[in-house]
A.B. asks: 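Questions regarding the structure given below will be posed in turn.
As a basis for the values below, the full set of heavy atoms in this structure was taken, side chains included, without hydrogen atoms, waters or symmetry mates. Letters go in sequence order (proteins before strands), and every chain restarts at 1.
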Amino acid sequence: MRVLNVAEKPSVAKSVASILSGNQNLRMREGRSRYNKIYEFNYSINGLPCHMLVTSVTGHLMELEFEDRFRKWHACDPALLFTAPVRKVVPQDKLDIKRTLEEVARGCQWLVLWLDCDREGENIAFEVIEVCTAVNRQLTLRRARFSALIERDIHDAVQNLVNPNKYFADAVDARQEIDLRIGASFTRFQTMLLRDAFVIESATNDRNLVLSYGPCQFPTLGFVVERYWEIQSHEPEEFWTINCSHRSDEGVATFNWMRGHFFDYACAVIIYEMCVEEPTATVTKVRQQEKLKYAPAPLNTIQLEKRASIYFRMSSEHTMKVAEELYQAGFISYPRTETDSFSERTNLHAIVQEQQGHPGWGSYAQRLLDPASGLWRNPRNGGHDDKAHPPIHPTKFSSGESGWSQDHHRLYELVVRHFLACVSQPAVGAETTVEIDIAGELFFASGRVIVAKNYLDVYRFESWGGSLLPTYEVGQQFVPTTLTLDSGVTRPPPLLSEADLLGCMDKEGIGTDATMHDHIKKLLDRFYATKDSSMRFSPTNLGEALVMGYDDMGYKLWKPYLRAVMERDMKAVSEGAKSKAEVLETCLQQMKACFLDARLNKVKLFEAMAVFFERSNRAGGDEQHASGEFVRRCGLCQEADMVLRQNRDGNFMVGCLGFPQCRNVVWLPGSVSEAAVTTNLCNSCNPGPVYLIQFTFRRLEIPPDYNANHLGCIGGCDETLRRLTEICGTGSRLSARGRGGPAMPNNVQRSNTRQGACIYCHQTGHSSGNCPSQSSGPRSSRPQSMNVQSGQVSISCSACGAPCALRTANTTTNRGRKFYSCQSQACNFFVWEDSINNGNRGRGFQRVNVSASASNPSRSVGHGRGGRGAVDAAGVTFVSATGDPISGRRCFVCGDPSHFANACPNRGI
DNA sequence: GCAAGGTC
């Protein structure tokens with residue numbers, strides 16, 4: 001019996017063939033595609049002798065596409081894409097693989113499917129079935145289920161073949177169809193609506209600019225915009241904290257206030273004064289604890305991308321490209337995996353053994369293998385398993401290859417060191433916490449000594465800040481060296497880093513491990529977002545405007561919810577709880593309703609775009625062609641429909657949907673006030689059908705002997721329409737110029753009250769710049785850009801010199817109080833408006849100085865915001881006027897004192 | 001010219 005075996009990728013075909021044949025009498029020959037070889041050997045399945053042929057596809061063999069009539073953008077209304085017929089086709093670049101399968105399948109009796117054991121794999125299995133059974137109806141179809149490319153699994157799978165799972169494949173069919181229909185309809189709609197209506201300077205050639213919408217790319221953009229809005233709308237709030245330090249022979253200890261910080265200055269000062277008056281500190285608690293810092297879980301794709309971004313500033317897209325090359329060359333395992341736990345059957349020691357000769361980490365590998373070192377520890381289980389691939393690990397030793405770039409070296413090193421760390425003991429630290437009491441107020445200090453670095457010895461990318469604390473004993477008393485009341489302001493969160501963004505996508509289920517980096521890249525390619533020099537993402541005006549437009553419509557299309565609902569439905573289909581047809585119908589019905597509604601509310605998108613972009617003077621503008629009532633098939637291009645439209649200026653025309661390729665248009669008289677296509681057909685015009693249009697003319701603009709209501713035909717037979725066109729002119733810009741004497745620039749025409757409908761309210765009588773609807777109210781969580789723009793700018797940032805915006809605080813303590821702040825996140829400058837009148841010109845992070853003397857506690861304490869520190873006879877300074885950043889704090893994520901948590905390089909891992 | 005998912 002001849003058995004055709006098909007795997008999802010060439011590497012799996014090779015492994016399966018090599019395992020099943022035991023490399024005995026294994027022959028390889030070329031297929032039609034250069035990547036997909038054919039392996040042949042003999043094997044026996046359940047005692048039945050078989051001649052095995054093993055080959056592969058490369059992922060999906062087929063693509064879903066619309067039928068020809070719906071593929072040209074202007075040939076149909078995008079709303080039709082929710083119902084237009086679709087078909088699965090093998091694209092040009094996969095035809096070679098298809099032919100190989102057909103040729104081999106003809107001579108086989110069985111087809112065994114070795115696709116990955118996930119939903120996409122099952123769907124690819126059915127694509128292979130379709131191609132193979134088309135040439136050989138007699139094939140027996142069997143599915144091999146395996147969870148790893150190891151001998152036992154592969155032999156088990158082939159001896160226990162099952163049936164392919166249609167439910168799994170159906171779920172993917174549904175996902176594909178929904179993605180295509182939603183993506184194509186919204187992309188065409190918003191591109192045609194906005195691209196030519198505004199001057200979008202980000203694109204060099206905006207004729208090619210595509211304003212795409214996709215159920216993954218838009219939520220990804222949503223994360224970026226949401227964080228940006230959070231930063232923009234942040235109102236800095238001033239807070240106060242008491243810090244204390246003590247210098248002894250052993251060094252300096254910095255104590256933090258147990259209360260953290262106060263937003264109320266008066267309360268903070270009262271407590272501070274109490275402390276200053278009785279400054280003697282008493283040690284109330286000394287606690288010593290052992291702390292462990294565990295090595296990370298085994299490496300999966302998302303962690304690889306996140307860590308390469310943080311450690312090497314590599315983009316996720318570039319990381320995957322380099323990883324793919326290392327994989328192809330055999331140095332690392334398959335890089336697209338969700339799995340972060342090793343199977344018990346993996347020979348971890350063998351992988352370590354291979355690395356013993358490396359000059360950088362070889363000696364660590366040797367120590368690991370020495371049982372006497374006690375360094376070995378079985379790796380953690382990260383809790384994810386895609387059942388198809390192991391965690392990313394080194395598969396071949398290398399001390400660097402000649403063709404490798406710096407990034408190849410770095411990524412290979414990360415994979416190896418990560419693996420060695422995973423099988424190592426955690427780092428051990430001894431932590432000491434000391435609590436002191438000053439006048440009833442509690443303060444604490446902590447220090448850490450690393451007792452055993454263990455995995456940190458090899459995993460040089462992570463650190464565990466250590467700092468020594470002088471020895472204290474309970475009951476010990478001392479007078480602090482400094483005791484200061486310090487001020488700070490709350491800061492907004494930072495822009496999203498690539499690691500943050502991957503984290504958001506992972507959490508909300510946007511994309512897969514193999515596609516997340518594509519979605520991020522798409523934001524950059526589409527000019528929706530930019531990445532700054534510190535690898536953080538900001539939305540562009542275009543990205544922000546699109547999200548703002550949909551947000552104003554009340555649609556959460558830019559949120560991850562839609563994808564989450566789809567994902568739940570897909571799961572239901574894969575479990576057989578819902579049918580593919582049922583899910584497709586409900587989902588597409590809802591999305592079509594949403595689409596039609598979005599089109600009705602397109603003014604919201606216009607408004608949002610108008611906040612950032614100038615209107616374009618380009619004649620036409622595709623938005624006029626985005627929808628309209630069918631009148632006739634175009635006689636000129638004979639490809640698209642002619643539809644009734646109203647242009648921006650309110651003039652009617654019947655234009656071809658093939659614009660701009662086809663420019664066939666019938667302009668209607670400028671005196672038409674209303675027009676609607678009827679169901680009546682013209683009896684004389686050819687080629688038919690040509691639907692008649694019911695017109696209403698403005699009485700004062702047509703001669704008295706003409707009727708204001710007229711049922712007319714645009715096919716050429718209608719004499720009345722022809723005469724009125726001659727008399728009144730048409731709404732076309734060329735015609736308007738002709739009638740109006742000397743040609744006027746388009747923007748002048750737009751401000752003409754008769755022709756220029758306001759872009760905001762679509763009414764005439766005022767220009768867009770004076771629209772009464774634009775005295776904007778507050779916008780949900782977004783920054784109030786209008787208010788900011790119209791704010792009285794009268795003060796400059798002390799750090800960067802840029803003019804500050806006047807804002808209004810909305811916090812509990814300062815509601816309604818006005819303040820100026822720098823719009824740059826980096827400066828953090830702000831000043832209360834009322835304090836300017838008092839002579840204070842802004843504070844930023846400046847410390848406020850409150851002085852007192854330890855030797856004379858009864859002396860009055862200065863509250864002044866400009867007082868200087870005082871030194872007593874014994875040289876004990878309680879205050880600092882240096883403006884230094886608050887010291888003695890450490891990052892609560894990694895414990896490193898060199899930065900705070902919001903700037904921690906380990907944040908988001 | 002549109003999506004997202006495989007993979008080379």
A.B. asks: Who passes ring pair (Phe, Tyr, Trp, His ring centres under 6.0 Å) against A:Phe537, sequence neighbours left out?
C.D. replies: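 Listed in chain order: nothing, the list is empty.
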A.B. asks: Over all strands shown, is A:Gly511 touching base, sugar-phosphate only, or nothing at heavy-atom distances under 4.0 angstrom?
C.D. replies: sugar-phosphate
A.B. asks: Quick one: list whatever passes ring pair (Phe, Tyr, Trp, His ring centres under 6.0 Å) with A:Phe70, sequence neighbours left out.
C.D. replies: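 By the ring pair (Phe, Tyr, Trp, His ring centres under 6.0 Å) rule, A:Phe70 matches no residue at all.
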A.B. asks: Does A:Arg336 put a side-chain nitrogen or oxygen below 4.0 Å from OP1 or OP2 of B:dG5?
C.D. replies: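 So the side-chain polar atoms of A:Arg336 never come under 4.0 Å of the phosphate oxygens OP1 or OP2 of B:dG5.
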A.B. asks: Tell me which nucleotide among B:dC2, B:dT7, B:dA3 gets nearest to the side chain of A:Ala184.
C.D. replies: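 Taking heavy atoms from C-beta onward, the closest nucleotide is B:dC2.
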A.B. asks: Using the ring pair (Phe, Tyr, Trp, His ring centres under 6.0 Å) criterion, which residues pair with A:His384? Sequence neighbours excluded.
C.D. replies: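 For A:His384, no residue satisfies ring pair (Phe, Tyr, Trp, His ring centres under 6.0 Å) once neighbours in sequence are set aside.
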A.B. asks: Distance-only check: which donor-acceptor pairs under 3.5 Å involve side-chain atoms of residues 585-593 of chain A, not counting sequence neighbours?
C.D. replies:
residue: A:Thr586; atom: OG1; partner: A:Glu582; partner atom: O; Å: 3.0
residue: A:Thr586; atom: OG1; partner: A:Val583; partner atom: O; Å: 3.2

A.B. asks: Categorize A:Arg119 for me: base, sugar-phosphate, or nothing, with a 4.0 angstrom heavy-atom threshold over every strand shown.
C.D. replies: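 Answer is nothing: A:Arg119 stays at 4.0 Å or more from every strand.
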A.B. asks: Of the residues in residues 172-179 of chain A, which ones touch DNA chain B at a heavy-atom distance under 4.0 Å?
C.D. replies: A:Arg175, A:Gln176, A:Asp179
A.B. asks: What's the closest nucleotide to the A:Ala514 side chain, out of B:dT7, B:dG1, B:dG5?
C.D. replies: B:dT7
A.B. asks: Touch check for A:Asn36, heavy atoms < 4.0 angstrom, all strands: base, sugar-phosphate only, or nothing?
C.D. replies: nothing
A.B. asks: According to a cutoff of under 5.5 Å between the ring centres and under 30° between the ring planes, does A:Tyr213 stack with the base of B:dA3?
C.D. replies: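 It does not: the ring fails the test against the base of B:dA3.
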A.B. asks: Among the candidates B:dA3, B:dG1, B:dC8, find the nucleotide nearest to the side-chain atoms of A:Pro215.
C.D. replies: B:dA3
A.B. asks: I want to verify a distance call: between B:dA3, B:dC8, B:dG5, whose nearest atom is closest to the A:Thr515 side chain?
C.D. replies: B:dG5
A.B. asks: Which nucleotide sits closest to the side chain of A:Ser212: B:dA3, B:dC8, B:dA4?
C.D. replies: B:dA3
A.B. asks: Taking only side-chain N and O atoms of A:Thr187, does any of them lie within less than 4.0 angstrom of OP1 or OP2 on B:dG1?
C.D. replies: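 No, because none of the side-chain N or O atoms of A:Thr187 sits under 4.0 Å from OP1 or OP2 of B:dG1.
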A.B. asks: Using a cut-off of less than 4.0 Å, is there contact between a side-chain N or O of A:His519 and OP1 or OP2 of B:dG5?
C.D. replies: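 True: A:His519 side-chain N/O within range (under 4.0 Å) of B:dG5 OP1/OP2.
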A.B. asks: Can you see if the side chain of A:Tyr327 gets near the phosphate of B:dC8 - specifically, an N or O under 4.0 Å from OP1 or OP2?
C.D. replies: no
A.B. asks: Which of parallel (below 30°), tilted (30 to 60°) and perpendicular (above 60°) describes A:Phe186 and A:Phe595?
C.D. replies: perpendicular
A.B. asks: Quick one: CD1 on A:Ile182 to CD on A:Glu177, what's the gap to the nearest 0.5 Å?
C.D. replies: 10.5 Å
A.B. asks: Just to confirm, is there a sub-4.0 Å distance from OP1 or OP2 of B:dA3 to any side-chain nitrogen or oxygen of A:Arg526?
C.D. replies: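 Yes, within the criterion.
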A.B. asks: Which residues pass the ring pair (Phe, Tyr, Trp, His ring centres under 6.0 Å) test with A:Tyr39, sequence neighbours left out?
C.D. replies: none
A.B. asks: Which nucleotide sits closest to the side chain of A:Glu120: B:dG5, B:dT7, B:dA3?
C.D. replies: B:dG5
A.B. asks: Considering every strand and a 4.0 Å limit on heavy-atom distances, what is the contact class for A:Lys522: base, sugar-phosphate, or nothing?
C.D. replies: sugar-phosphate
